[in-house]
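Quantities reported herein were computed from a predicted structural model and do not represent experimental measurements. The chain is numbered in sequence order, starting from 1. Heavy-atom basis, side chains included; hydrogens, waters and symmetry copies ignored. Every number for a ligand or one of its atoms is a count from 1 in the order of the listing.
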Amino acid sequence: MSNTFGKLFRVTSFGESHGIAVGCVVDGCPAGLELSEEDIQKDLDKRKPGTGLAGTTRKESDKIKILSGVFEGKTTGTPITLITYNEDQKSKDYSNIKDVFRPGHADFTYDAKYKGNRDYRGGGRSSARETLARVAAGAIAKKILAKEGITISGFVKEIAGITCENYSQKDIDRIYTTELRMPDKDAEEKAEEKIKEIIMAKDSVGGIVEVIAKGVPVGLGEPVYEKLSGEIAGALMGINAAKGVEIGSGFSCAKMTGSKHNDLMQTENKKISFLTNHAGGILGGISTGEDIVARIAFKPLASIAKEQKTITKDIKNTKIEIKGRHDICVCPRAVPVAEAMLAIVLVNALMEFKARE
Ligand SMILES: Cc1cc2nc3c(=O)[nH]c(=O)nc-3n(C[C@H](O)[C@H](O)[C@H](O)COP(=O)(O)O)c2cc1C
């Protein structure tokens, strides 16, 4: 099982949903970066369960502790260990999935791959509780990027087919004050109504999250095998429940002509700009200096209360009604996770870029 992500800025996460703790070790963070628990907590609070209509009702304070790698408020260049103790596990809610595979979840594949050695409680390692570690590490990556003028933001673009159409950068900047992390108020109200219907129907819904990086210099990323687009797509596809990633025009480019799709270039006083950004800030695997824009399609979550057909561990047909506390739509809580993964990719690309300067 690979639990490490990144090359120069490396994140190794550990922990299970209903185990003692979840956390990560971040290796490769430069010395001298001012870092406090509050810096990390700010981002963790955006992902926390127990907030929002679409989220699980599990109550976790998700209080982060820095165990190593920071001395007198600054990083020392040694491994940074971050840990959060689990508090609100209700493992008995999950006893009915001990020997039964939840349709659409990872129970079957984990069980097969690890020969039945699986912490089933709350989904164990396959639970999105692991994404807490990504957000914690991402908070450090964001701090490194901010020093270089690179900022990352994200929002929910669509829930259950209801798309945000009318919004400004200001709406994106205040996204964490909204319930569903949608910048378009009308769309958010419609999505709230839809989610209420879905809860009544004991079901779940999918959606789309968009992430944007601003201030990225020209030249990050490799031109052939480790294209920046590929690294970003891989990182975002690696988020639990992600089913598709697109960059810039994404899948819509397949319906366009070259003359509509090309981002025309111009210059004024030697300053280069593009008239559009269908490329999503990347050409030939290398950043163009325009905003990097990526979108992730998330599936409707697997754990639904409706009765479903499935099989048992000893290969018999059965039916399951999933108990426990689950998200209805993953998107609002996935926004900080997507921001974190983009930040970790960009910090690695930035470090490689600087190493070759
Ligand atoms: C923030 C977040 C919260 C999630 N919450 C749940 C949940 O409450 N119930 C559930 O069945 N899946 C949830 N998931 C998705 C599962 O972790 C994921 O579907 C499962 O591990 C199977 O992996 P896959 O969907 O990537 O194939 C969540 C995902 C994220 C990113």
Fill in the blank from the handout: The closest protein heavy-atom partner of atom 30 (C) of ligand 1 is Val330 CG2, 3.1 Å

Exercise for the section: Identify, for atom 28 (C) of ligand 1, the protein heavy atom at the shortest distance, and state residue, atom and that distance. Expected result: Ala128 CB, 3.4 Å

Exercise for the section: Please check if the side chain of Thr312 supplies one atom and the backbone of Asp99 the other of a donor-acceptor pair under 3.5 Å. Expected result: no

Side chains of residues 63-71: which donor-acceptor pairs under 3.5 Å do they make with residues two or more places apart or in other chains?
unit_1, atom_1, unit_2, atom_2, d
Ser68, OG, Pro79, O, 2.9
Ser68, OG, Thr81, N, 3.1
Ser68, OG, Thr81, OG1, 2.8

Completion exercise
So the side-chain hydrogen bond (donor to acceptor under 3.5 Å, both in side chains) pairs with at least one residue in residues 230-248 (sequence neighbours excluded) are Glu246-Arg295

Fill in the blank from the handout: With heavy atoms and a 4.0 Å threshold, my read on which part of Lys243 contacts ligand 1 is neither

Problem - Salt bridge flag under 4.0 Å for residues Lys147 and Glu34 - result: no

Exercise for the section: Ignoring hydrogens and angles, state whether a donor on the side chain of Asn3 or Thr12 is under 3.5 Å from an acceptor on the partner side chain. Expected result: no

Handout entry: Contact check: Ala241 vs ligand 1, nitrogen or oxygen atoms, below 3.5 angstrom
Key = yes

Exercise for the section: Please tell me if the side chains of Asp62 and Arg47 come closer than 4.5 Å, counting only heavy atoms from C-beta onward. Expected result: yes

Exercise for the section: Would you check the N or O atoms of Asn240, main chain and side chain alike, for any that come under 3.5 Å of an N or O of ligand 1? Expected result: yes

Practice task
Could you tell me whether Lys196 and Glu193 make a salt bridge, using a distance below 4.0 angstrom between a side-chain N and a carboxylate O?
Solution key: yes

Handout entry: Any N or O of Ser126 closer than 3.5 Å to N or O of ligand 1
Key = yes

Completion exercise
In ligand 1, the atoms that come under 4.0 Å of a heavy atom of Asp327 are 3 (C), 4 (C), 5 (N), 6 (C), 7 (C), 8 (O)

Completion exercise
Closest to atom 20 (C) of ligand 1 among protein heavy atoms sits His105 CE1, 3.4 Å

Practice task
Would you mind checking which non-hydrogen protein atom is closest to atom 9 (N) of ligand 1, with the distance to 0.1 Å?
Solution key: His326 ND1, 3.1 Å

Problem - For atom 14 (N) of ligand 1, the protein heavy atom that lies nearest, with its residue and separation - result: Leu301 CD2, 3.4 Å

Practice task
Check the side chains of Glu352 and Asn348 for a donor-acceptor pair under 3.5 angstrom, ignoring hydrogens and angles.
Solution key: no

Handout entry: Min N/O separation Lys299 to ligand 1 under 3.5 Å
Key = yes

Exercise for the section: Look only at interatomic distance and state if Ser303 has a nitrogen or oxygen under 3.5 Å from any nitrogen or oxygen of ligand 1. Expected result: yes

Exercise for the section: Consider ligand 1: state whether an atom of it lies below 4.0 angstrom from any non-hydrogen atom of Val337. Expected result: no

